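Working notes, structure below.
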Amino acid sequence: MLEHLFSQSQTKLNELLTSNAIHLQNVEQISPLVRAMAMSEFVTQQLQKQPELLQAWLEKHPTIEDCDHYAERLKAVVSTVKNEDELHHELRRFRHREMATLSFIQSNQLASTQQVFERLSDLAEALILGARDWLFEQMCNEYGTPMNEFGEKQELLILGMGKLGGRELNFSSDIDLIFTYPDIGETVGGRKPMENSKFFTRLGQRLIRALDEITLDGFVYRTDMRLRPFGDSGALVLSFTAMEDYYQEQGRDWERYAMIKAKILGEDLTNINHKYLKQMLRPFVYRRYLDFSAIQSLREMKSKISREVIRRGLTDNIKLGAGGIREVEFIVQTFQMMRGGRDKILQQRSLLAVLPQLAQLNLLSETQVEQLKEAYLFLRHTENVLQAIRDQQTQTLPLDEQERLRLAFANQQADWASFLEKLAFHQHNVREVFNELIGEEESEDDQENEALSVWKDLMQNQITLADLENALKDYTVQAEDYSEIHHILNVVFEDWVKRPIGVRGREVLRKLMPKVLDGIFQQPDYLVLLPRILNIIDKITTRTTYLELLYEKEQILPQLFTLCAQSIMVAEQIARHPMLLDELIAQQSLTKVIALEDYPRALQEYLLRIPEEDEEALIDGLRQFKQSQLLRIASADILGILPVMKISDHLTYLAEAIIGAVVNIAWRQVSQRFGTPEHLTDDEKDFAVIAYGKLGGIELGYNSDLDLVFLHNAPEQSETIGGKKSISSHQFYLKLAQKINGIFNLNTSAGVLYEVDMRLRPSGEAGLLVSTFNAYDHYQKNEAWTWESQALVRTRAVYGTQALRDKFEHIRRETLSQARASGQLREEICNMREKMYQHLSKNSEHQFHLKTDKGGITDIEFIAQYLVLNYAHEHPQMAVWSDNVRIFESSIECGMLSQEQGEGLKGCYIKLRNQIHHLNLLNKESIVDGNEFSEERAFVRQMWTLLFNS
């Protein structure tokens, strides 16, 4: 087989000689050429494209000494280049010619493996710098020369990472680069100044294009910029200051590992910028103390690579597989990261330069070092030969018989079986040292199920769609959702990369997110849950304590998933106020809501820690108390601990407690300035708050406004005493009402405490903000419209002494118990309902608005109000209650409704309210499909017809 390969190459060479009219002077010149062509199809292609190369090789076979002075030779070539297209062409021809020469040398064993990849690295460095320098001069002509504030010319410095930095480049390696420049500033000498950042970004883009773009001549190098700060989402070029800030605040272990091999291309320590950059990066890579955490970091990186090998089916991979090139690199770089700060001799980029030092420092035995060196050179030589065949990046052993023979021949092995035996010998030696040093044992953090491991791997890189699909394959996730999930994750992760999260925070986040994502994708509503949970974590990324809380307290995440899946309101509240996460620590705290009568006491105790004079802190305290209690109430609702009626009770009593606290805060503030009305004694206030609507009806919802009316009992000519300034008592109560309103409506980062609506006061917006009891009594009995009397049905005193509450209740009952003409009452209520229906209803056959459409909540409320206003003069019991359910119960007791009718209205009302509650939790409008609640709507309309059309 090998003879056949050489015979084919001989034939191709003869054809080349004939086509180029070359006559041999010495037949012995042919043998090395045949061997080079037999070992590399790339060499054959270059001889066909560049026949002058063939002529040169025939005149003198290249040697390793001919592979020097790349920079000078390239400079002579590009000095005549007129434009970027020509530059691209010449760079590619130069690269291909020199790569073919090195392949010739390797195939004919005219140099050591180490010499070959050192020259490959030197070639790459010369091409990168040659392109950079030509483009820099070109751009200076176009835009001016970049300067700093001191008038010093700025330059683009390029860090060669990985094998390029260590002078260990393969035949077909990618090149990993990082671009940086010294100082901010702007260009001088152009048509108009350009910021240095913009200038160097454009230069970097042009340089990448010059190297990476595939033209008719091929490419120079595949260029990878993902090792730069913030990866793909970061700026292409950073100033020294930005680089330093990043590595000090956010640099991660894998970046330390990568930076070990970082080399300033064209390094010149007489250049102050080169010297500064080296000094700046050294403390990040090499710690002053013995850094044993490096072993765990590298173990995790190796575990990730092993999983990647399995996931991608990378069998027979001499780089990533067991005992492969990467394990040799890990062994050496573990010692560099761990001890490099103390043992300066380890601060070298070349692996082969560091290996002997490990024996000198008694870190490895002489035998181990020798075994690792031999294995590394064998593996790297195999890799180089493999890549030189077609100039393709591969580390996988071939299946093709011809390519197998090439590898065996290149390694002086008789056949493929002998090669595999030799390979296994070296891999075994590497594996033994690797296991002894880095170990097979997994830490607790690594003993995770496969799903968590996959997510941990993805967290370290930009997630590709293919990676995501692999990670999701074991979940019941719909394929059509992959793209949306991919977009959501990448947007969030790209933003987090740029955040000043800190080393500790990033470590916690790295461990937390696999658990979070695994948990989310086990939920049926993962697409709803994902953005809500990510939003919460997004708000706490820079608050490491909360990240640790989520990670360490295992009971929190399941509860968070349950709550957030069913309530966007809860999810947004927790995101806005992460302190609410504390409520999730103990399972029972979620469902253990405060007893209704205990809300005022609990709130008072909560506010005791805040000084009375610190009004802003008190108002924040009110918000925090409300939010924590809302979370408990919503949790009890979602988890089915409390029925909808009890939920409304808790929301109502919570609001009442807060109203009481707000009145006290406002009273203290106003009385400090103006004193108190002179008719008061001791701690009297003679002030009452009347609740209308849902609060008055003990039916408050999550998003309900507070409809309030303020009443006082001050005599006409009364004034305040004991303050800095005396005003009339009526003015005092007006200022008190304004202050209360101001506290409720004060908009902070947490929003408002409650939206307060005062339009139901006597004479509406045209009336006074606060009224006396007598004025209120007169208005309700003599001037109020029917709709205002309807509103009075759903009222209660929610603040004030018992005497004031009784006084208001007397006014309410007397007003509601006035005799009314049934026909006129029905007509006015029907007219009002029709106007509301026309202006507020969505009026769609495909949707049902639970509140405003026919058969909905408003119809039920109007029925209850009609029953009170029409029958209370005969049955005082009808004027007792302000909530609809008990009004219907009273209607049954008093004979206005049959048992079936009353229970039917109660049932419809509770079902509709329950649905509205759940929609509130999802921050959705009170709208459902038009086919829902059809029986309830029909029953309500039947009762409407019975009562209003009779």
Side-chain angles (χ1 to χ4, degrees), residues 519-520 522-525 528-529 532-533 536 549-550 553-603 605-606 623-658 694-695 697-704 754 850 857 883-886 906-924 926 928:
I520 287 173
Q522 290 185 41
Q523 308 297 319
D525 42 8
V528 169
L529 196 54
R532 295 179 186 176
I533 297 295
I536 291 172
L549 183 73
L550 282 182
K553 304 294 184 182
E554 293 186 357
Q555 71 270 39
I556 293 183
L557 280 179
Q559 294 179 71
L560 204 57
F561 293 156
T562 301
L563 296 175
C564 293
Q566 296 190 48
S567 173
I568 191 171
M569 182 197 81
V570 169
E572 289 177 347
Q573 280 288 90
I574 294 174
R576 220 176 286 129
H577 313 289
M579 64 171 190
L580 294 176
L581 290 169
D582 295 334
E583 302 289 334
L584 305 180
I585 293 177
Q587 173 77 41
Q588 64 270 24
S589 73
L590 266 186
T591 53
K592 189 179 179 182
V593 292
I594 293 174
L596 295 175
E597 65 275 10
D598 285 345
Y599 278 105
R601 179 189 55 78
L603 176 56
E605 289 175 359
Y606 190 88
R623 283 177 173 76
Q624 291 165 9
F625 180 80
K626 177 193 172 187
Q627 287 148 5
S628 64
Q629 298 309 317
L630 268 183
L631 179 62
R632 291 179 183 224
I633 295 167
S635 301
D637 189 354
I638 291 168
L639 299 174
I641 305 299
L642 292 175
V644 63
M645 301 300 292
K646 291 294 183 183
I647 295 296
S648 287
D649 287 350
H650 280 278
L651 292 171
T652 299
Y653 278 75
L654 170 62
E656 287 186 32
I658 290 172
K694 287 185 171 57
L695 180 60
I698 321 177
E699 297 164 353
L700 209 62
Y702 292 108
N703 299 325
S704 297
Y754 283 101
L850 294 160
I857 288 284
D883 62 289
N884 293 312
V885 169
R886 282 184 286 197
K906 277 172 56 180
C908 292
Y909 183 64
I910 290 170
K911 284 181 182 178
L912 294 178
R913 273 190 57 206
N914 196 32
Q915 183 64 30
I916 290 172
H917 267 284
H918 291 152
L919 290 170
N920 281 344
L921 287 170
L922 296 170
N923 272 8
K924 290 184 177 179
S926 302
V928 295

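Only a predicted model underlies this, so the values are computations on that prediction, with no experimental measurement involved.
Residues Cys564 and Ile536 meet the side-chain proximity criterion, which asks for heavy atoms closer than 4.5 Å. At least one side-chain heavy atom of Ile857 sits less than 4.5 Å from a side-chain heavy atom of Ile916. Contact check for Ile641 versus Val593: no side-chain heavy atoms found under the 4.5 Å cut-off. Contact annotation: the side chain of His918 never approaches that of Ile638 to less than 4.5 Å [non-hydrogen atoms, C-beta and beyond]. The shortest side-chain heavy-atom distance between Ile556 and Lys553 falls under the 4.5 Å cut-off. The shortest distance between side-chain heavy atoms of Leu651 and Lys646 does not fall below 4.5 Å. You'll find the side chain of Leu550 reaches within 4.5 Å of the side chain of Leu560, heavy atoms only. Met569 has its side chain out of reach of Asn920: every pair of non-hydrogen atoms, C-beta onward, lies at least 4.5 Å apart.
Among the candidates Asp598, Ile658, Leu654, the single residue satisfying the side chain to side chain contact (heavy atoms under 4.5 Å, CB included) test with Leu603 is Ile658. For the side chain to side chain contact (heavy atoms under 4.5 Å, CB included) test with Leu630, the passing option among Arg632, Gln627, Lys626 is Lys626; the others fail.
Take Tyr599 and apply the ring-ring contact (aromatic ring centres under 6.0 Å, His included) test, not counting sequence neighbours, and it matches His650. Considering only residues two or more places apart in sequence or on other chains, Lys906 meets the salt bridge (charged side-chain N to carboxylate O under 4.0 Å, His left out) condition with Glu889, Glu903. With sequence neighbours left out, Lys911 forms a salt bridge (charged side-chain N to carboxylate O under 4.0 Å, His left out) with Glu936.
What you find for Ser648 and His917 is that their closest heavy atoms are OG-NE2, 3.2 Å.
Judged by distance alone, the side chain of Arg532 and the main-chain N or O of Glu572 form no donor-acceptor pair under 3.5 Å. Not a single donor-acceptor pair under 3.5 Å links the side chain of Ser704 to the backbone N or O of Leu700. At distances below 3.5 Å, not a single donor-acceptor pair connects side-chain atoms of Glu699 with backbone N or O atoms of Arg913. For Asp525 (side chain) and Val528 (main-chain N/O), no donor-acceptor pair under 3.5 Å exists by modelled atom type. Formation of a donor-acceptor pair under 3.5 Å by the Ser567 side chain with backbone atoms of Leu563 is not found in this model.
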